[in-house]
There are 2 protein chains.
Amino acid sequence: MARRESGHVTLSDVARACELSVSTVSIVLSEAPLSRHVAESTRQRIRTMARRMGYHPDAYARSLRRRRTQTIGVLAFDMSDPFCIPVIRGIEDALQPANYFSLLVNAQTQRKLFDSYLRMILERRAEGVIVIASWVFEEANLLADIEKNHVPIVIVGRDLTARRIPSVLVDNEAGGALALRHLHALGHRRIAVIRGPDEMFDSEPRWTGIQRAATETGIRLDSRLVFQLPNRVDPRSGFDGGLQLTRDMLAVGRDFTAVLAFDDLTALGVVRGLSDAGLRVPEDCSVVGFDDILPAALSTPGLTTIRQPLREMGLLATQRMLKALDETSASGLRKAGLHMLEPELVVRNSSSIAAARSGSNGRGARH
Amino acid sequence: MARRESGHVTLSDVARACELSVSTVSIVLSEAPLSRHVAESTRQRIRTMARRMGYHPDAYARSLRRRRTQTIGVLAFDMSDPFCIPVIRGIEDALQPANYFSLLVNAQTQRKLFDSYLRMILERRAEGVIVIASWVFEEANLLADIEKNHVPIVIVGRDLTARRIPSVLVDNEAGGALALRHLHALGHRRIAVIRGPDEMFDSEPRWTGIQRAATETGIRLDSRLVFQLPNRVDPRSGFDGGLQLTRDMLAVGRDFTAVLAFDDLTALGVVRGLSDAGLRVPEDCSVVGFDDILPAALSTPGLTTIRQPLREMGLLATQRMLKALDETSASGLRKAGLHMLEPELVVRNSSSIAAARSGSNGRGARH
DNA sequence: TGCTGGACTTCAAACGTTTGAATGGTATAT
DNA sequence: ATATACCATTCAAACGTTTGAAGTCCAGCA
């Protein structure tokens, strides 16, 4: 039953082997200030012995005593979502030089897991928590317990400043506008739009941006060309949604020259739907996505998309976290700022100048 | 400097509030056997008080005392590799019911990080380590320190049974053979093969399987159609490698009707290369990948590939780990078995019957 | 009256560290 | 000779838990 019995080498093991006290060994191995006073020869002896015995300090004992864990909890709402990976990477890259470790957990889109992992993060005494979630989830008791224990929190992918939580996200509205303007500039006028599901935070602002840009460029968005994705369960559902909606559109003979999809996964589904119907992308129909996740760059044609600076978002969130931790020691003050990053249009090959067709949607065989 | 000062609620805080001793509160909240003897009314009182104060037991103190951490270290060689995600998912799914947590870290393909994270895992007293790496890395001192501390280890994606490490991986040789047979069955005879880089463990066995199947089906593998990817640095390099080699092949006018790529990323690069040259997949050239990572299913045409049962591999590795942990308490015995899972051919739309062309590689405009 | 045996609760030691204070030296300054 | 300073090392308490052993209280019984 006992796992660590006679397992790990401890300080006192090393001390006994060196015939010195535990204190001396600790002082030397942890490079405490006092170690200046320890004879160089002794230091050498201790260090080589420790290495030889395979000693590694027990982080549990150490953290207990030091009252520091050097840990930031990172709670991803769904790690299978390609969106997460670069964010996590950014977080790690920022944590590294600050000598912090991430305690990374994956809620797998499950509310229950989300709660239980949050509890776990609290129990492991993470000094702060970064939540990655563009999902609209119920955050009430999430906050309660975290705040009761004075653990600072930052969220990536959602605006929770209304709840006094510092938030880092892309300017979705600007992104939506960017996408529509791009299609407008290519001459597209009949543009189908696939809006995101209700439960995604990004859905609304992107749609707002699209509408704004449409008004500004004088494009009329035909309500028969505006669709909405159902709520998703796994990363694939965006793809399936895009595929299905495209099939539906084509089945009833809707007339459009471009599709503006909620995100890249949806866009890839659209491409598949068009292709299945014998339409070429971008010759017969342009497609634009959003996010710039890995598969967008790997597909053929490469997907034109609105890039979220995901890694930067992770970096930024972490920097804010670390700063908050520093300030905590001085004052408990926390300003729940909103940090919005600019999206960027990435033009690849899924969008091109609108064909000079008018009434037809260009349906037809490929060859 | 001190972070947790006056931060977290402790047992003695709760005890004071309840006007009971720390012991009683501990016994109740941790549901120890002794709690049977505590009056129901007292239990209620303690529990509600704990909840109201937002108490969460300190995992550090608890683990220190219990000498159990309920933690398995999961060391991914490169989490950006889509290969990892399903494996990790499998690990989590298996850990969950056993009431273990994963300590997930990402070496980002860097040797230095790999070592430092391994040390971290050891310091955090993970009861076992699962390494996810199909990379061929130098594992000498990895082993040394881990073994000195009697921490069981399992590796996913590589055969390290020669080092007495239990290994879980797909039968790459069978997979390679499966891929070649598939193309053979479709009538392909001139097949280009892109072998994996030296530093990937899978490269060799897949190539062996391909050769074996070629011999058995009577296909002659033209050495001018066999290429090898350079060593990679990030997940994109597979794609770039496939793209570049395809360009090269086409530039010198090589004659082939199908490409068997090392993995899906490479295959997607090949598709792009063919498409750029005006060749259609699968009409003019079939492409087969390996792994069945997410982007393979999302691209158009859907990629025909050899599926690795990644989630199952994670599950299996974890089950072996948990079993090893149980046995450790009884005997220190460890049998370093090799567990090979069967790959599966997934036919999508990037492969089709070979065109009845002979001397030409079907080069030409698309329309 | 004293004794037994629950029912309920607490004591105190331990887990492996860190660290302020203390120790016993030896050399130099007063 | 005593004080001062410094060097090299150790003591002992603490961090927040858990848990075997040890109370305390009271009812019931001889």
Side-chain angles (χ1 to χ4, degrees), chain A residues 1-16 18-46 50 53-70 122-125 127 149, chain B residues 1-16 18-46 50 53-70 122-125 127 149:
Chain A
M1 191 65 52
R3 188 105 316 130
R4 276 157 61 193
E5 68 188 356
S6 82
H8 284 271
V9 182
T10 75
L11 263 191
S12 73
D13 292 334
V14 180
R16 204 172 314 115
C18 292
E19 300 182 293
L20 283 168
S21 77
V22 172
S23 317
T24 309
V25 177
S26 166
I27 286 165
V28 169
L29 291 180
S30 65
E31 286 168 346
L34 282 179
S35 70
R36 282 188 302 102
H37 303 308
V38 176
E40 176 58 25
S41 62
T42 313
R43 278 187 273 177
Q44 282 301 336
R45 193 156 51 96
I46 292 175
M53 300 176 72
Y55 169 78
H56 290 267
D58 184 318
Y60 284 80
R62 166 177 283 178
S63 293
L64 187 59
R65 169 66 224 223
R66 284 196 174 156
R67 327 196 70 200
R68 297 282 318 260
T69 60
Q70 303 285 85
L122 241 27
E123 290 181 357
R124 304 248 158 151
R125 296 299 187 253
E127 296 177 22
N149 290 282
Chain B
M1 191 66 52
R3 188 105 315 131
R4 274 159 60 195
E5 70 190 353
S6 81
H8 282 271
V9 182
T10 75
L11 263 190
S12 73
D13 291 334
V14 179
R16 204 172 314 115
C18 293
E19 300 183 293
L20 283 167
S21 77
V22 172
S23 316
T24 309
V25 178
S26 166
I27 285 165
V28 169
L29 292 179
S30 65
E31 286 169 345
L34 281 179
S35 69
R36 283 188 301 102
H37 303 309
V38 176
E40 176 58 26
S41 62
T42 314
R43 277 188 274 178
Q44 282 301 338
R45 193 155 52 96
I46 292 176
M53 300 177 72
Y55 169 77
H56 289 267
D58 184 317
Y60 285 80
R62 166 177 282 178
S63 292
L64 186 59
R65 167 67 222 223
R66 284 195 175 157
R67 328 195 71 198
R68 298 281 319 259
T69 60
Q70 303 283 88
L122 240 28
E123 292 181 355
R124 304 246 157 154
R125 296 299 187 254
E127 297 177 22
N149 289 282

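Residue numbers start from 1 in every chain, and the chains themselves are labelled A, B, ... in the order their sequence lines are given, proteins ahead of strands. Computed from heavy atoms alone, side chains included, the values below leave out hydrogens, waters and symmetry copies.
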Q. Tell me: CD of E123(B) to P of dC15(C), nearest whole Å?
A. 20 Å

(Q) If I take atom CD in residue E31(A) and atom C1' in nucleotide dT19(C), what distance separates them, rounded to the nearest angstrom? (A) 16 Å

(Q) Rounded to whole Å, please give me the gap between CZ in R124(B) and C1' in dT17(C). (A) 15 Å

Q) Just how far, in rounded Å, is C1' of dC15(D) from CG of L11(B)? A) 13 Å

**Q.** Nearest to side-chain heavy atoms of R125(B), which nucleotide of dT17(C), dC15(C), dT18(C)
**A.** dT17(C)

Q.
Is there a side-chain contact between R67(A) and the phosphate of dG16(D), meaning an N or O under 4.0 Å from OP1 or OP2?
A. yes

Q: State, to 0.1 Å, how close T69(B) and R125(B) come at their nearest heavy-atom pair, and which atoms those are.
A: OG1-O, 2.7 Å

Q. What pairs of residues pass the side-chain hydrogen bond (donor to acceptor under 3.5 Å, both in side chains) test when at least one of them lies in residues 18-32 of chain A, not counting sequence neighbours?
A. S21(A)-T24(A)

Q. Taking atom P of dC15(D) as reference, at what distance in whole Å does atom CG of D58(A) sit?
A. 18 Å

Q.
Using a 4.0 Å heavy-atom cut-off, does I27(B) contact any base of the nucleic acid, only the sugar-phosphate backbone, or nothing at all?
A. base

Q) Donor-acceptor pair, S35(A) side chain versus A32(A) backbone, under 3.5 Å? A) yes

Q: Just compare dC15(C), dT17(D), dT17(C) and give me whichever is closest to any side-chain atom of L64(B).
A: dC15(C)

Q: In whole angstrom, give the distance that lies between atom CZ of R16(A) and atom P of dT10(D).
A: 14 Å

Q. Can you check whether S23(B) has a side-chain N or O nearer than 4.0 Å to OP1 or OP2 of dT10(C)?
A. no

Q: Round to the nearest Å and state the distance from R66(A) atom CZ to dA14(D) atom C1'.
A: 15 Å

Q. Do the side-chain N or O atoms of Y60(B) get closer than 4.0 angstrom to the phosphate oxygens (OP1, OP2) of dT18(D)?
A. no

Q | Base dT17(D) paired with R65(B) side chain (donor-acceptor, <3.5 Å) | A | no

Q: With E127(A) as reference, evaluate R67(A), R66(A), R68(A) under the salt bridge (charged side-chain N to carboxylate O under 4.0 Å, His left out) test and give the passing residue.
A: R68(A)

Q | T42(A) vs dT9(D): side-chain N/O to OP1/OP2 distance below 4.0 Å | A | yes

Q. Hey, is the main chain of V38(A) close enough, under 3.5 Å, to the side chain of R43(A) for a donor-acceptor pair?
A. yes

Q. Nearest to the side chain of R62(A) - dT17(C), dT18(D), dT10(C)?
A. dT17(C)

Q. OP1 or OP2 of dT17(D) sitting under 4.0 Å from any side-chain N/O of S26(B)?
A. no

Q: Could you check L34(B) against P57(B) and say which one's nearest nucleotide on DNA chain D is further toward the 5' end?
A: P57(B)

Q) For the side chain of T24(A), counting heavy atoms from C-beta on, which of dT9(C), dT10(D), dA8(D) is nearest? A) dT10(D)

Q: Calculate the interatomic distance between H37(A) atom NE2 and dT26(C) atom P; express it in whole Å.
A: 19 Å

